[in-house]
2 protein chains.
Amino acid sequence: MARIHNDETGTREQILSCAARLFRTEGYAAVTLRGIAKAIGMTTGSLYYHFSSKEDIVREILDQGHKRVFSEVRGAIEALGENAPCEAILKAGIQKHIECLLGEDSFPSANTRIFAHVPVEVRAPTLGERHKYELYWTDILKSCQKRGAIHPDINPHTLSLLLFGAMNWTLEWYKPGRHGIESIADNLVLLVLRGPKVGARQDGERTPSKVRSVRSVAAKA
Amino acid sequence: MARIHNDETGTREQILSCAARLFRTEGYAAVTLRGIAKAIGMTTGSLYYHFSSKEDIVREILDQGHKRVFSEVRGAIEALGENAPCEAILKAGIQKHIECLLGEDSFPSANTRIFAHVPVEVRAPTLGERHKYELYWTDILKSCQKRGAIHPDINPHTLSLLLFGAMNWTLEWYKPGRHGIESIADNLVLLVLRGPKVGARQDGERTPSKVRSVRSVAAKA
DNA sequence: GTCTATAGGAGGATAGAC
DNA sequence: GTCTATCCTCCTATAGAC
């Protein structure tokens, strides 16, 4: 019953995840079909039974890498319910995004690391989906700003881009033993959140004490 | 009198800046010696009179790219004098760092974009200098935190890494017409700075009104 | 579905003429 | 200081046997 009738034999998936792992660590141009084939005990000829070209492989990795991050992040945020406090929303989204990038699944990190170095023909068709993710975050940030949790003078769209930078760049410095993902996320949430407010409070936000739950992360990160 | 007696003829510099421009836009592996040579009307054989290998070229670009950012940023900050307010220091440093990356000089951006994709033998010797820059920023952030301008629960070292991410990632999305460098910097300063404080003020910091000067950037960025 | 063999091209690097 | 010519390696992709 659980048999799969389409192309998704184990081999195809194996090629993709192995390629993603190599792209993640070595970059786009440095990865060769020979390298992929060798890493899974195959020859390059066999790869062409499953994919028509190197670009065909990378296209699918970019696609899946992006989809996985988006759906994981959205899932984590929606699980909080409609009226979750801004801090919880930001914490969940930021932490999940970083977890995706730094986790064992190499698709998200491969996507982030090689995107800029991939041929335009591969990159162009993915721009629409990437834009949706950008808008998703911008809307969240706008809403948090409206609720008073983010400094009113910050541009939400620019903030989303700066936030992506802070999150995606963890790929360049994160070392599993030395850093904790959650404390990285906590530090980043503290940045995005407006500090304890002095001015008049806006709509539904609660008191500044809600910031407490991500306190005392300074010593650990 | 102004004649130069070392290797620094115009040609050598021309090769380097042309290579940097290509590395910046195409990535490390995608740039070929033939491409560099062709772009300046030379042949690959001639390149080897000036450099002994591709790695030799990239080594110098990484080196210079890093040095230029560091000295520009340090210069901008030191020009403010010893007792400059934290906001001014952060604004100057952040803006200068971003200006270096997005400016006409391709060495800083090439350095940032290809670093992770360069052979280890080239990367390893540069780690020491890069670490110094990291420490330089961490010290600045620590000092700002001590003066109360940065949230006390944030880890300054983690903050420096997140800040580098936000700044360096501008390379991936900045478009000259659509964004203003200064407003990007203003937005980022607002993030790093603690919002208007409610608790007891610490040492030398002045009133929250100093935040005003980077206000109203939301509409522009 | 995987293999071997190989075509066809591009890469870094060198030798030696000018 | 720059050129041409070339070596050798490695790449993507294909053809056809098993």
Side-chain angles (χ1 to χ4, degrees), chain A residues 3-62 110 114 117-123, chain B residues 2-62 110 113-114 117-123:
Chain A
R3 192 167 305 287
I4 300 167
H5 288 278
N6 57 17
D7 267 338
E8 308 297 327
T9 69
T11 306
R12 188 186 158 91
E13 285 305 313
Q14 204 184 354
I15 293 171
L16 285 174
S17 68
C18 175
R21 204 183 62 245
L22 292 172
F23 282 131
R24 170 190 203 161
T25 54
E26 303 180 15
Y28 175 69
V31 172
T32 66
L33 296 181
R34 285 185 213 283
I36 298 172
K38 189 174 181 181
I40 56 180
M42 262 191 169
T43 61
T44 62
S46 310
L47 291 181
Y48 283 87
Y49 176 81
H50 302 276
F51 298 92
S52 65
S53 69
K54 184 182 179 183
E55 296 191 0
D56 196 24
I57 295 177
V58 82
R59 203 188 319 274
E60 179 135 352
I61 290 176
L62 288 187
I114 72 180
H117 303 286
V118 147
V120 226
E121 316 88 67
V122 179
R123 202 165 50 219
Chain B
R3 193 167 302 286
I4 300 168
H5 288 278
N6 57 17
D7 267 337
E8 308 298 327
T9 70
T11 307
R12 190 186 155 91
E13 285 306 313
Q14 203 184 353
I15 294 170
L16 284 174
S17 67
C18 175
R21 204 183 64 244
L22 292 172
F23 282 132
R24 170 189 204 163
T25 55
E26 303 180 13
Y28 175 69
V31 172
T32 66
L33 295 182
R34 285 174 162 81
I36 298 172
K38 188 175 182 181
I40 55 180
M42 263 192 166
T43 61
T44 63
S46 309
L47 290 181
Y48 282 88
Y49 175 81
H50 303 276
F51 298 93
S52 66
S53 68
K54 183 183 180 182
E55 295 192 359
D56 196 23
I57 295 177
V58 81
R59 203 188 320 274
E60 180 136 350
I61 290 176
L62 288 187
R113 283 203 100 178
I114 72 180
H117 302 286
V118 147
V120 226
E121 317 88 66
V122 180
R123 202 164 49 219

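Just so we're on the same page: letters track the sequence lines, and every chain starts at 1. Heavy atoms only: backbone and side chains are in, while hydrogens, waters and symmetry mates are out.
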Going by heavy atoms in the side chains, are Gln14(A) and Met42(A) under 4.5 Å from each other? no

Does Leu33(A) reach the side chain of Ile57(A), with side-chain heavy atoms less than 4.5 Å apart? yes

Specify the separation, in whole Å, of atom CG of Leu47(B) and atom P of dT2(D). 10 Å

Do the non-hydrogen side-chain atoms of Arg12(A) and Ile15(A) ever get within less than 4.5 Å of each other? no

Could you state the atom-to-atom distance from CG of Asp56(B) to C1' of dA13(C) in whole Å? 13 Å

Any side-chain N or O of Tyr49(B) less than 4.0 Å from the OP1 or OP2 oxygen of dT2(D)? no

Nearest whole Å is fine: how far is dT14(D) C1' from Lys54(A) NZ? 18 Å

Which whole-number value in Å describes the distance from Tyr48(A) OH to dC3(C) P? 15 Å

For residues 32-44 of chain A, which residues have at least one heavy atom under 4.0 Å from DNA chain C? Gly41(A), Met42(A), Thr43(A)

Check the orientation of Tyr28(B) and Phe23(B). Use parallel for under 30°, tilted for 30 to 60°, and perpendicular for over 60°. parallel

OP1 or OP2 of dC3(D) less than 4.0 angstrom from a side-chain nitrogen or oxygen of Ser46(B), does that happen here? yes

Identify the two heavy atoms, one from Ala39(A) and one from Cys18(A), that lie closest to each other, and give their separation to 0.1 Å. CB-SG, 3.5 Å

Ile57(B) CD1 to dA13(C) P, in whole Å, measures 9 Å

Side chain proximity check, Leu62(B) to Ile114(B), heavy atoms < 4.5 angstrom: yes

